[in-house]
Amino acid sequence: MKAGDRPTECETGPLTGFTIGITAARRADEFAALLERRGAQVEHAPAIQIIPLADDAELRSVTELIVADPPEIVVATTGIGFRGWMEAAEDWGIAESLIGSLERSRVLARGPKAKGAIRAGGLREEWSPPNESSSEVLEHLLDEGVEGTRIGVQLHGATTEWEPLPDFCEVLREAGAEVLPIPVYRWLPPRDTTAIDQMISQIINFDLDAVSFTSAPAVASMLGRAQDTGRLEPFLEALRTDVHAMCVGSITAGPLAALRVPTSRPARYRLGALARHITEELPRRVPTFRVAGHDMSIRSRSVMVDAALRPLSPAGLTLLKALARRPGRVVSRQALLTELPGGGDDTHAVETAMARLRAGLGDSRMIQTVVKRGYRLSVDVEYEEGEGT
């Protein structure tokens with residue numbers, strides 16, 4: 001923005017100025033619209049690709065086993081997975097036989113979506129836990145005893161080193177059950193890694209304010225890609241500091257929690273709830289500075305001054321972030337020079353970028369020049385005293 005320009009006129013929603021990464025493979029457009037409606041800028045990088053169920057030979061083989069010899073119990077863990085299974089069976093011409101076999105099984109549903117899919121298939125669940133929890137289903141089965149019982153368990157995704165989920169099937173096996181995994185809705189990393197590689201770079205460079213995850217496989221895929229490209233540690237460090245990881249639920253957050261990455265999530269495991277959670281939580285996590293009589297809040301790609309969005313040049317934003325890391329303290333020109341894109345050894349580049357930054361902020365008093373020492377963010381005394389208490 002040139003000197004004298006007015007702040008950008010835009011929707012002043014609660015997420016104005018924030019840039020949020022979306023990793024969802026499904027319903028990404030719907031989720032992006034929810035965030036953009038609240039003022040956010042969205043970047044999208046699908047972290048996984050889903051194997052079409054009708055093409056999944058492993059699922060077909062297991063389905064034919066169930067048709068021939070139904071297990072005593074079948075556990076449906078997700079609505080989309082169960083519906084997809086029924087649709088794949090329809091494509092194979094064995095849906096009617098599968099439903100007839102499942103009518104001879106006791107069907108348990110993990111939650112209301114799985115329950116709805118079961119009923120849409122013309123079946124009826126025997127039991128569903130009140131809190132949509134796999135651990136509750138497991139506890140229910142163990143309490144009644146499963147030794148010698150043949151149990152079909154609808155799986156979701158795939159298990160990798162990044163998915164420290166409770167091994168539902170293994171616990172049942174240890175309790176004496178014969179477990180038949182039903183590998184519904186499996187995933188693979190994306191064929192084209194361009195978008196996910198770019199998002200990993202954006203996270204490492206603090207070019208996003210937050211990244212959202214709607215499935216544990218998406219988390220696992222991004223962690224795996226960061227490791228494969230030699231960037232896992234800076235990726236994790238960014239998520240532990242300035243780039244906030246927002247997850248749809250505790251299972252999705254599990255792989256990150258195991259790596260000591262702080263996460264936040266809504267109370268309900270729903271896409272709309274996640275959008276509302278981000279809207280409420282993300283602005284709370286970004287500090288507001290009182291600078292020369294103005295309220296300043298720095299985003300990944302811009303700054304809000306008195307609730308007005310002021311886009312800055314990359315160099316100006318870099319300098320502002322460097323000053324904000326030490327609010328009120330003097331930062332030398334040499335230290336600021338090392339922060340600038342391109343580096344170099346001429347501190348005149350700092351002076352030029354600083355002049356443009358001051359113009360972009362709209363009040364040159366917000367950054368003070370300290371003769372022969374450098375620059376400081378002109379944080380008001382009240383702020384500095386509050387920080388020290």
Do the side-chain N and O atoms of [X] and [Y] include a donor-acceptor pair separated by under 3.5 angstrom?
X    : Y    : answer
S201 : R231 : yes
S313 : R356 : no
R110 : T77  : no
W85  : T63  : yes
T194 : D192 : yes
T369 : R358 : yes
S297 : R299 : yes
S250 : Y269 : yes

If you measure from [atom1] on [X] to [atom2] on [Y], what distance do you get to the nearest 0.5 Å?
X    : Y    : atom1 : atom2 : result
L337 : R333 : CG    : CZ    : 11.5 Å
I151 : L172 : CD1   : CG    : 5.0 Å
T78  : L155 : OG1   : CG    : 10.0 Å
I22  : L35  : CD1   : CG    : 5.0 Å
T23  : M199 : OG1   : CE    : 7.0 Å
E64  : L59  : CD    : CG    : 10.0 Å

Can you hop from [X] to [Y] via hydrophobic side chains spaced under 4.5 Å?
X    : Y    : result
F213 : L271 : no
I298 : F18  : no
L102 : W92  : yes
V171 : V146 : yes
M222 : F206 : yes

I'd like to check [X] versus [Y] (side-chain heavy atoms, cut-off strictly below 4.5 Å). Are they in contact?
X    : Y    : answer
V153 : F168 : yes
H244 : L282 : yes
T214 : T252 : no
V305 : D295 : no
R270 : R276 : no
E139 : D143 : yes
S302 : R310 : no
Q154 : V75  : no

**Report entry** L98/M86 under side chain to side chain contact (heavy atoms under 4.5 Å, CB included): CA gap, chis, key distance, verdict
**Finding:** CA-CA 8 Å; L98 176 59; M86 295 298 107; 3.3 Å; yes
May I ask you to decide whether [X] forms a salt bridge with [Y], counting only side-chain N to carboxylate O separations under 4.0 Å?
X    : Y    : result
E280 : R285 : no
R325 : E339 : yes
R119 : E125 : yes
R150 : E72  : no
E178 : R173 : no

**Report entry** Option passing side chain to side chain contact (heavy atoms under 4.5 Å, CB included) with I203 (candidates L236, D242, L208)
**Finding:** L208
Query raised in the report: Out of S264, P266, C247, which residue meets the side chain to side chain contact (heavy atoms under 4.5 Å, CB included) rule with L274?
Result: P266
Can you check whether [Y]'s main-chain N or O pairs, donor with acceptor, with [X]'s side chain at less than 3.5 Å?
X    : Y    : result
R301 : D207 : yes
S215 : A218 : yes
S105 : V107 : no
N131 : S133 : no
D380 : A292 : yes
T338 : A335 : yes
S221 : P217 : no

Query raised in the report: Would you find more than 12 non-hydrogen atoms of other residues, nucleotides or ligands less than 6.0 Å from E96 atom CD?
Result: no
Query raised in the report: Take atom CG in N205; do more than 12 heavy atoms of anything else shown fall under 6.0 Å from it?
Result: yes
Could you report the tightest heavy-atom contact between [X] and [Y], atom names first, then the distance?
X    : Y    : value
E90  : A95  : OE1-CB, 3.4 Å
R37  : L34  : NH1-CD2, 3.6 Å
A273 : R268 : CB-O, 3.5 Å
L312 : L361 : CD2-N, 4.3 Å
A24  : H44  : O-NE2, 2.8 Å
R240 : L259 : NH2-O, 2.7 Å

Requested in this report: Kindly determine whether V62 and L180 satisfy side chain to side chain contact (heavy atoms under 4.5 Å, CB included), including the steps that lead there.
Outcome: CA-CA 8 Å; V62 171; L180 182 64; 4.2 Å; yes
Query raised in the report: Does the salt bridge (Lys or Arg N to Asp or Glu O under 4.0 Å) test come out yes or no for E144 and R106, once each step is laid out?
Result: CA-CA 13 Å; E144 70 175 38; R106 298 166 52 205; 3.0 Å; yes
